[in-house]
**Q** 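First the structure, which I've put down as structure tokens, then a few questions once you've had a look.
Counting starts at 1 for both ligands and their atoms, following the listed order. Each residue takes its place number in the sequence, starting with 1.
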Amino acid sequence: MKRNTRLLHSAFDGDAQVTGATLTPIYQTSAFGHSTAEELEAIFHHKEAGYSYTRIGNPTVASFEKRITALEGGVGTVAFASGMAAISSLCLAVLSAGDEIVASSGVFGGTIGLFDDLKQFGIVTHYVPDCEPETLQQVISPKTRMVFAEIIGNPKLDVLDIPKIRAYLKEKDNILFVVDGTLATPILAQSLQLGADVVVHSSSKYINGSSNAISGTVTDSGSFRWNPEAFPAMKDWKKFGPYALVSKLRQKILMDVGACLSPMNAFLNSIGLETLGLRMERQCSNALALAQALEQMDGVEAVNYPGLVSSPWHETAQHVLDHGYGAILTLRLGTRERAFSFINRLRYAVNVTNVGDVRTLVVHPRSTIYAHTEPEACAHAGVTEDLVRVSVGIEDIEDIIKDFEQALLHSDSI
Ligand SMILES: *Cc1c(COP(=O)(O)O)cnc(C)c1O
């Protein structure tokens, strides 16, 4: 099956066996009753498959999880209430006091905030300005347990060379290689096949597509070997073999932390997922057209998009990404004032701190997402005073290009 067919048919039969419903219904229930005490006991001891309480599992959520697993080619997926809940739960499942994380300095602000929270539990993060083996080499220590990076960083729009990092880490059983695939989506990059051990998504973004529900996922390749000395937190779970991580995330972390995805939001995500391929095709081609048009427009100092030959990450993007270069681009307009004036004059693009919507979105990162970030960290993340970030939607791109042209023309006259 190719990707668009897989989106609809892989690991999915709606409710065909029971009612013929073409979609998995919303099982809006907290608990699941069973006819005998023995039956419920068996479920609690994981001897029988079944549902007991929605914090740990729910058929609507399970259907969404299975579809993500099929897309990513992993052994299993656990869905969470948000992308941040997914990343937090993953850290809580595998790390212990004394461990170190190595992360790309351009990772999502919420992730940096979380890694900062982990300090009080004795887990320290070292940031690298780029994810090249030579740079990683300088900060990786015997205590490093996780390398964390995004496939497409934002707003720097650097592209992670997953196979190169895999080759550098080799088959280490003491460093887990985690990739945040949010901006690439499973359509543009098959992270696990490329060499990541675990892939996380904020499915609030492209997977959902219409910005109507917050959610996150963790998908495991099942190939990490969980050296028990390096990962004492995973020792008891090794007996589950390739299912060690998904078992612990579901049976322990979801149970204890409770950041579960609601059935309604799982349903909305499953609907979104069905059109992910079509939307990405359109959004990526729109983004490329807009980036190329902006390069020719007066008053634009620089355009950054991995699909442009001028991007330092174009070559990496060509061998890591398939079917497009993502749908985020940035432009520099010289000054903060011109950036503000430009944003204020756009007719269609919504001024919002979000990405991955079907609508085109813009934001001035320095005064919003990076408002409380130190100048040095902003420099590492590629955030300048004149930078505008665009998340390109599915509109007819001629309309968006025209709108950007008029906004540029008028922001010149201030
Ligand atoms: C939005 C985002 C997150 C956090 O996800 P939420 O669903 O908002 O909690 C994590 N990583 C990346 C790359 C994101 O864009």
**Q** Under the salt bridge (charged side-chain N to carboxylate O under 4.0 Å, His left out) rule, collect the residues that match up with Arg166, sequence neighbours excluded.
**A** Asp197

**Q** Taking 4.0 angstrom as the limit, do Asp236 and Lys248 come out as a salt bridge?
**A** no

**Q** Going by the atom numbers of ligand 1, which of them fall below 4.0 Å from some non-hydrogen atom of Gly83?
**A** 5 (O), 6 (P), 7 (O), 9 (O)

**Q** Identify, by atom number and element, the atoms of ligand 1 in contact range of Glu150, meaning under 4.0 Å from any of its heavy atoms.
**A** 13 (C)

**Q** Run the numbers for me: atoms of ligand 1, each under 4.0 Å from some heavy atom of Ile214, listed by number.
**A** 7 (O)

**Q** Checking Lys238 against Tyr243: charged group under 6.0 Å from the ring centre and within 45 degrees of the axis?
**A** no

**Q** Relative to the heavy atoms of Asp180, which atoms of ligand 1 are at a distance of less than 4.0 Å?
**A** 10 (C), 11 (N), 12 (C), 13 (C)

**Q** A quick test of your reading: do over 12 heavy atoms of other residues, nucleotides or ligands sit less than 6.0 Å from NZ of Lys252?
**A** no

**Q** Does Ser215 come within less than 4.0 angstrom of ligand 1, counting non-hydrogen atoms of the residue?
**A** yes

**Q** I'd like to know if Asp396 and Lys402 make a salt bridge, using a cut-off of under 4.0 Å between side-chain N and carboxylate O.
**A** no

**Q** In terms of residue, atom name and distance, what is the protein heavy atom nearest to atom 15 (O) of ligand 1?
**A** Lys205 NZ, 2.7 Å

**Q** Is there a nitrogen or oxygen of Asn154 sitting under 3.5 Å from a nitrogen or oxygen of ligand 1?
**A** no

**Q** At a 4.0 Å threshold, what atoms of ligand 1 neighbour a non-hydrogen atom of Ser204?
**A** 6 (P), 7 (O)

**Q** Relative to the ring of Phe340, is the ring of His364 parallel (under 30°), tilted (30 to 60°) or perpendicular (over 60°)?
**A** perpendicular

**Q** Among protein heavy atoms, which sits nearest to atom 4 (C) of ligand 1, and what does the distance come to when rounded to 0.1 Å?
**A** Phe108 CE2, 3.4 Å

**Q** Salt-bridged, Arg332 to Glu301, with N to O below 4.0 Å?
**A** no

**Q** Identify the closest protein heavy atom to atom 5 (O) of ligand 1: which residue and atom is it, and at what distance?
**A** Ser202 OG, 2.9 Å

